[in-house]
Structure formats: structure tokens, C-alpha cells
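A quick write-up on the structure given underneath.
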Amino acid sequence: MQRTLRFKRELQLLTAEPPPGITCWQHEDKTDDLRAQIVGGSGSPYEGGIFTLEIIIPERYPFEPPKISFLTPIYHPNIDSAGRICLDILKLPPKGAWRPALNISTVLTSIQLLMSEPNPDDPLMADISSEFKYNRTVFVSNARKWTEQHAMAKLQATKADSKENAIPTGGTSQKRKGEDVSRGPKKSFK
């Protein structure tokens, strides 16, 4: 009963007054299954991207943290290829910092902050962490490519549709020379 009341209050608050750049809603009218979207932070390689997350509310919530994972692929040292997030408030003590006083809004805001400020000293992806620490320009380039490929895909599809349906204005058309961006970056996760 406590779980249901608290969960309803939190969801109402998230709907009425969401944190900036975050939206959250119930998925398919299931009471324990939410979806959220986080807009990539300004000045970060994720800027302009919209990242979707899955939030599963456990039976013992708020005494257990929600289970949150990214559905949108993201190139980040603290988020693995399965979308799992390395963040202390998503784990119970003693290894984690979850407390029943925390809520879904706080957790989503913390994830948004983690996106802007990765923690390379506690990585899930060691190779990306190493890149972040020792070759920041390559990290930013790769993260930007992933954002463009995965978190901006709808925007790109809309632009492509409008170009295909455009009325030709004369002249000849040529394909651009260069790499095929539809394949995306080749990155193996170990």
C-alpha cells in the first residue's frame, strides 16, 4: 500500500513538475513499468539527443532502488552496451547509496548529471573510460557519433524523408563522396 501511494505521488509530481530536460510516464498502463526520456545536456557530446530509459519499480520500493537502464544506446564509461548504469544510488548499501528518502525524480536527475559528468574512476566500460581519461577528443567524437546515430535517429529520418519527397529544382544530382554514416562507429565492447 505504501509503495502504491508513494509511487502515485511521485508520478504525479514528475508529470506536473518534471526536472528540466526529463520526461517520465507509465508504460502500457503498467503500475511498475515506466519510461523516461532525458535530453542530452548542452555542451556535452550528447547535446541534441533524446535518450529513452526503462524504469522498473520493485515490489519493495522505496526500500529497494528502481531498476533503471538505457534503451537508447549511449557511448559512456558508466553505461554498458546493455544499458546498465553504474551509479551508487541505484544500489543498496553497503556497496550502494540508495535510501528510501530518494525518489525517481532525484535518480533521473542524477543520471542526467552523470551523462554530463562521467565518472571514469568507477567505469562499466574500461576502454571508454580510458579514452575519456587519456584521449578526450576521441571520446567526444565517438560519443557524438553514437548520439547522432542512436539518439537523433528520428530527426535524421524526418530530414531524409523531406529530402526524398522534395521537388527537384533542376540540374543533376550526385551522390556525395565520403563515408557511409548509416553504419555508425565500429566499437567492440569487451
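We number each residue from 1, following the sequence as shown. In this text, all values refer to a predicted model and were calculated from it rather than measured experimentally.
Counting heavy atoms from C-beta outward, Ile79 and Leu124 have side chains that stay 4.5 Å or more apart. When side chains are defined from C-beta on, Val39 does not count as touching Glu47, because their heavy atoms never get closer than 4.5 Å. Ile68 is listed as a side-chain neighbour of Leu53, based on a closest heavy-atom distance under 4.5 Å. Looking only at side-chain heavy atoms (C-beta outward), Arg35 and Glu54 come within less than 4.5 Å of each other. Taking the side chain as every heavy atom from C-beta outward, Met115 and Phe51 approach each other to under 4.5 Å. The shortest side-chain heavy-atom distance between Cys86 and Lys91 falls under the 4.5 Å cut-off. Residues Ile104 and Leu14 have side chains in contact (heavy-atom distance under 4.5 Å, counting atoms from C-beta outward). Looking at Ile57 and Lys67, their side chains never come closer than 4.5 Å, going by heavy atoms from C-beta outward.
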Take His27 and Leu34 through the test side-chain contact (heavy atoms from CB on, under 4.5 Å) and record every step on the way to the result. CA-CA 5 Å; His27 181 65; Leu34 302 175; 6.0 Å; no
Salt bridge (charged side-chain N to carboxylate O under 4.0 Å, His left out) assessment of Lys95 paired with Asp88: CA-CA 7 Å; Lys95 292 184 178 182; Asp88 61 348; over 6 Å; no
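Applying the side-chain hydrogen bond (donor to acceptor under 3.5 Å, both in side chains) test to Arg84 and every residue at least two apart in sequence or in another chain returns Asp80. With sequence neighbours excluded, no residue satisfies side-chain hydrogen bond (donor to acceptor under 3.5 Å, both in side chains) with Ser141.
Of all non-hydrogen atoms in Gly40 and Ser44, the two that sit nearest each other are C-OG, 4.3 Å. Annotation for Ile74 and Tyr46: closest pair CG1-CE2, 3.5 Å, computed over non-hydrogen atoms. When every heavy atom of Ile55 is checked against every heavy atom of Ala36, the shortest pair comes out as CD1-CB, 3.8 Å. Residues Gly41 and Ser116 come closest through the heavy atom pair CA-OG, 4.2 Å. When all heavy atoms of Phe7 and Thr31 are compared, the closest pair comes out as CE2-O, 2.7 Å.
Here the side chain of Ser129 pairs no donor or acceptor atom with the backbone of Met125 at under 3.5 angstrom. Between the side chain of Trp98 and the main chain of Pro62, a donor-acceptor pair closer than 3.5 Å is present. In this structure, Thr15 contributes its side chain and Leu11 its backbone to a donor-acceptor pair below 3.5 Å. A side-chain donor-acceptor contact under 3.5 Å links Thr147 to the backbone of Pro45. Checked by atom type and distance alone, the side chain of His76 never pairs as donor or acceptor with a backbone atom of Ile128 at under 3.5 Å.
Ring geometry, Phe139 versus Phe132: the interplanar angle exceeds 60°, so the pair is classed perpendicular (tilted spans 30 to 60°).
Side-chain contact check for Asp127 and Ser130: no donor-acceptor pair (N or O, by modelled atom type) lies under 3.5 Å. In this model, a donor atom of one side chain and an acceptor atom of the other lie less than 3.5 Å apart for Tyr75 and Glu131.
Evaluation of the ring pair (Phe, Tyr, Trp, His ring centres under 6.0 Å) test over residues 106-127, restricted to residues two or more places apart or in two chains, returns none.
The 12-atom threshold is not exceeded at NZ of Lys8, counting heavy atoms of other residues, nucleotides or ligands nearer than 6.0 Å.
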